[in-house]
*Asks:* 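Mind looking over this structure? Questions follow.
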Amino acid sequence: MMLIYNVTTGVDKHIEQEWVIWMKEVHIPDVMKTQMFVSSRMYRVLTASEDGTVSYATQYQAKSISQIEEYLDKHAPALREEAKKKFGDKAVSFRTLLEEVH
């Protein structure tokens, strides 16, 4: 069974390029360094928003719920704080946990 930790982020259009570069070069590598996930992918949401933001879904694949729980307990708070310091309310995320259906 594979689990997906999905982080959907609404990004202000004015900082979109900077945010995408930061995600690719800093944040996603930092998440992967925790060794709680086996892979990651980032998608741009094509559905238009009415509030001047662009949305992205970043998905991290894990082998077990315990790995995701460990990530959330030990690693996520500091990584979220780093993002908040850098982008404030110009990049707002919500998170969902997905389970693969066979």
Side-chain angles (χ1 to χ4, degrees):
M1 169 181 69
M2 271 303 168
L3 299 168
I4 302 289
Y5 176 60
N6 182 81
V7 182
T8 303
T9 306
V11 181
D12 184 300
K13 288 180 183 175
H14 297 101
I15 63 151
E16 181 181 5
Q17 293 290 57
E18 178 188 0
W19 182 86
V20 168
I21 291 166
W22 178 79
M23 285 293 289
K24 289 180 177 180
E25 294 181 358
V26 178
H27 188 72
I28 292 171
D30 285 349
V31 171
M32 295 307 293
K33 283 178 198 167
T34 69
Q35 299 184 331
M36 298 295 108
F37 302 102
V38 295
S39 68
S40 64
R41 290 195 172 143
M42 189 166 81
Y43 302 90
R44 188 173 196 270
V45 178
L46 297 179
T47 308
S49 74
E50 299 173 10
D51 64 357
T53 63
V54 179
S55 292
Y56 286 83
T58 308
Q59 298 185 341
Y60 303 95
Q61 192 172 42
K63 292 182 180 177
S64 71
I65 191 79
S66 63
Q67 288 178 309
I68 294 171
E69 289 170 346
E70 183 175 341
Y71 170 78
L72 293 172
D73 289 343
K74 294 183 178 178
H75 306 285
L79 291 169
R80 288 180 190 176
E81 186 59 32
E82 197 177 301
K84 188 175 182 179
K85 281 182 186 173
K86 184 150 184 70
F87 297 106
D89 63 356
K90 294 187 183 299
V92 178
S93 299
F94 70 91
R95 295 147 184 91
T96 49
L97 186 57
L98 309 171
E99 179 180 38
E100 185 177 9
V101 178
H102 294 280

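One-based numbering along the sequence shown. No hydrogens, no waters, no symmetry mates; every other heavy atom, side chains included, goes into these values.
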*Asks:* Could you state whether L97 and V31 fall into the same hydrophobic cluster, counting links through intermediate Ile, Leu, Val, Met, Phe, Trp or Tyr residues with side-chain heavy atoms under 4.5 angstrom apart?
*Replies:* yes
*Asks:* Verify the neighbour count for atom CD of Q35: are there more than 12 heavy atoms of other residues, nucleotides or ligands below 6.0 Å?
*Replies:*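 Counting neighbours around CD of Q35, 12 or fewer heavy atoms of other residues, nucleotides or ligands fall under 6.0 Å, so no.
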*Asks:* Flag the pair M42 / V20 as yes when at least one side-chain heavy-atom distance between them is below 4.5 Å, and no otherwise.
*Replies:*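 Yes, close enough: below the 4.5 Å cut-off.
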*Asks:* Is any side-chain N of the basic residue among R44 and E16 closer than 4.0 Å to the acidic one's carboxylate O?
*Replies:* yes
*Asks:* Does a side-chain heavy-atom distance below 4.5 Å link T9 with M23?
*Replies:*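 A side-chain contact under 4.5 Å is absent here.
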*Asks:* Which heavy-atom pair separates K13 from V54 by the least distance, and what is that distance?
*Replies:*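 Taking K13 first and V54 second, the nearest heavy atoms are CG-CG2, 3.5 Å.
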*Asks:* Using 0.5 Å steps for rounding, measure from the CD1 atom of I4 to the CD atom of Q61.
*Replies:* 4.5 Å
*Asks:* Of Y43, W19, W22, which meets ring-ring contact (aromatic ring centres under 6.0 Å, His included) against Y56?
*Replies:* W19
*Asks:* Consider only side-chain heavy atoms of I, L, V, M, F, W and Y, link residues closer than 4.5 Å, and tell whether Y71 and L98 are in one cluster.
*Replies:* no
*Asks:* With under 30° as parallel and over 60° as perpendicular, where do the rings of Y5 and F37 fit, or are they tilted in between?
*Replies:* parallel
*Asks:* If you measure from CD on Q67 to CG on L72, what distance do you get to the nearest 0.5 Å?
*Replies:*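 Atom-to-atom, Q67:CD and L72:CG are 12.0 Å apart.
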*Asks:* Could you state the interatomic distance from CG (L79) to NE2 (H75), rounded to the nearest 0.5 Å?
*Replies:*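 That separation rounds to 8.5 Å.
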*Asks:* Transitively linked via ILVMFWY side-chain contacts under 4.5 Å: M2 with I65?
*Replies:*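 M2 and I65: separate clusters.
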*Asks:* Output the distance between atom NZ (K63) and atom CD1 (I68), rounded to the nearest 0.5 Å.
*Replies:*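 It is 13.0 Å, given to the nearest 0.5 Å.
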*Asks:* Say whether I28 and I15 are linked into one hydrophobic cluster, either directly or through other cluster members, by side-chain heavy-atom distances under 4.5 angstrom.
*Replies:* yes
*Asks:* Looking only at heavy atoms, what is the nearest atom pair of S55 and G10, with distance?
*Replies:*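 Nearest heavy atoms, S55 then G10: OG-CA, 4.0 Å.
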*Asks:* Can you tell me how far OG1 of T58 sits from CZ of R95, rounded to the nearest 0.5 angstrom?
*Replies:* 10.0 Å
*Asks:* Find out if a path of hydrophobic residues (ILVMFWY) with successive side-chain heavy-atom gaps under 4.5 Å connects F87 to V92.
*Replies:*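 No.
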*Asks:* Hey, is CD on Q17 packed in by over 12 heavy atoms from elsewhere, all under 6.0 Å?
*Replies:*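 Incorrect, the count does not exceed 12.
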*Asks:* Between A62 and M36, what is the shortest heavy-atom contact and its length?
*Replies:* CB-O, 3.8 Å
*Asks:* For the residue pair M32 and Y60, establish whether any side-chain heavy-atom pair is separated by less than 4.5 Å.
*Replies:* yes
*Asks:* To the nearest 0.5 Å, what is the distance between NE2 (H27) and CD (E82)?
*Replies:*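 Here the interatomic distance stands at 8.0 Å.
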*Asks:* Can you name the closest pair of heavy atoms from N6 and A57 and give their distance?
*Replies:*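 Closest approach of N6 to A57, heavy atoms only: OD1-CB, 3.8 Å.
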